[in-house]
Amino acid sequence: MIDLKDVVYCRLGTRDLDGAEWFAVNILGLEVAERQRGAVHFKSDDRYHTLCYFEGDPDDQVTAFEVAGASELQAAAATLEDLGHRVHAGTPEECTSRHVRDFIRFSDPTGNAIELVVRPEHSGRRYHGTRDAGITGFSHVGLYTTDPARDEKFWTTVCNARVSDRIGEAPLMRLGAIHHSIALFPSNRSGIQHINHQVAATDDIQRSLNMLREQQVNITFGPGRHPTSSAQFLYFSGPDGLTYEYSTGVCEIHDEPLWRDRQFPFEPTGFCQWGSKPNIPAFQD
Ligand SMILES: CC(C)c1ccc(C(=O)O)c(O)c1O
Ligand SMILES: [Fe+2]
């Protein structure tokens, strides 16, 4: 079993690095941690970075998870290879540019690029965005799946994810106490469907709603409240059509043995308690 500790960063290819940086700083509210040649790293919490845009193909998207140490990384590579996954071992240059001690990359059964990393750096410096978005940190990622049952089995049996709830066939899966770190969305493609940052309060959601409207950013869902995690949310479009989500108040599951995953309908009431309707293809029938 591969024991994933947490989701740590996403890496997104883009043909317009300057535009992506402008969006990440001025709209999303992240802080530039570092500019490398052809890549910009962004900070959203105490970690060195939680997002990287790099010059490249927008279909080149990676989600990274932390494992405990070097021996766990080696064991994970062996497990994945036994199952027929091709595993790339990070080169020293790749590790340096990611600010991790070591990593491997493989693809999940749908073809989503996944990195498993050891000792991702913390900067020892807290995050402060130039725009006051109220962000408290990077929290979860939504991945496309071409076969939700197959991929749920991969994440919960090869890895240690546990299903907290399902919306239709889409599982919301936790790695620790937070309601979910990974959500899977049925589709005919691979890739990252959305990236979530937690914000401190309802005020931050409402303040961002007005700011995003003023900036003519495409708001795709919300404000609303998820019946699953009970978080209040707002979704909007970012560079290359990627969806970003702010949410606040995500619930935690501490009574692990007692928790039973719940089934919600794959229709607007399963997504939002306040009656907001998603304008996001992955959330529509
Ligand atoms: C709308 C998507 C499927 C979704 C649903 C529920 C939650 C949650 O419970 O927090 C999400 O974060 C979502 O992205
Ligand atoms: Fe989400």
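Both counts, for ligands and for their atoms, begin at 1 and track the order of listing. Computed from a prediction, not measured in an experiment: that's the story for all the values here.
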Electrostatic pair [X]-[Y], nearest N-O below 4.0 angstrom:
X: Asp151; Y: Lys153; value: no
X: Glu81; Y: Arg86; value: no
X: Asp46; Y: Arg126; value: no
X: Lys43; Y: Glu31; value: no
X: Glu256; Y: Arg174; value: yes

| message | Measuring centre to centre across the rings, with the benzene-like ring taken for any Trp, is Phe236 within less than 6.0 Å of Tyr246? | response |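 That pair passes the under 6.0 Å test.
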Atoms in ligand 1 with a heavy atom of [X] nearer than 4.0 Å:
X: His180; answer: 7 (C), 8 (C), 9 (O), 10 (O), 11 (C), 12 (O)
X: His140; answer: 12 (O)
X: Phe185; answer: 2 (C), 3 (C)
X: Ile167; answer: 5 (C), 6 (C)

| query | Are side-chain N/O atoms of Tyr9 and Glu115 paired as donor and acceptor at under 3.5 Å? | reply |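 Side chains of Tyr9 and Glu115: pair found under 3.5 Å.
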| said: Please verify the inter-ring angle class for His226 with Phe221; under 30° counts as parallel, over 60° as perpendicular, anything in between as tilted. | reply: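 Perpendicular.
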| query | Are any of the N/O atoms in His194 less than 3.5 Å from those in ligand 1? | reply |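 Checking ligand 1 against His194, an N or O pair does fall under 3.5 Å apart.
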| query | What atom name does the N, O or S atom of Glu245 nearest to the Fe ion (ligand 2) carry? | reply |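 Result for Glu245 and the Fe ion (ligand 2): OE1.
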| request: To the nearest 10 degrees, could you say what angle the Fe ion (ligand 2) makes with NE2 of His140 and NE2 of His194? | output: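 With the Fe ion (ligand 2) as the vertex, NE2 (His140) and NE2 (His194) sit 100° apart.
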Just need the protein heavy atom nearest to [atom], so name the residue and atom and give the distance.
atom: atom 11 (C) of ligand 1; result: His226 NE2, 3.3 Å
atom: atom 14 (O) of ligand 1; result: Tyr235 OH, 2.5 Å
atom: atom 9 (O) of ligand 1; result: Thr228 OG1, 2.4 Å
atom: atom 10 (O) of ligand 1; result: Ser229 OG, 2.6 Å

| request: Please state whether the separation between the Fe ion (ligand 2) and some N/O/S atom of His226 is under 2.8 Å? | output: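 It does not: His226 brings no N, O or S atom closer than 2.8 Å to the Fe ion (ligand 2).
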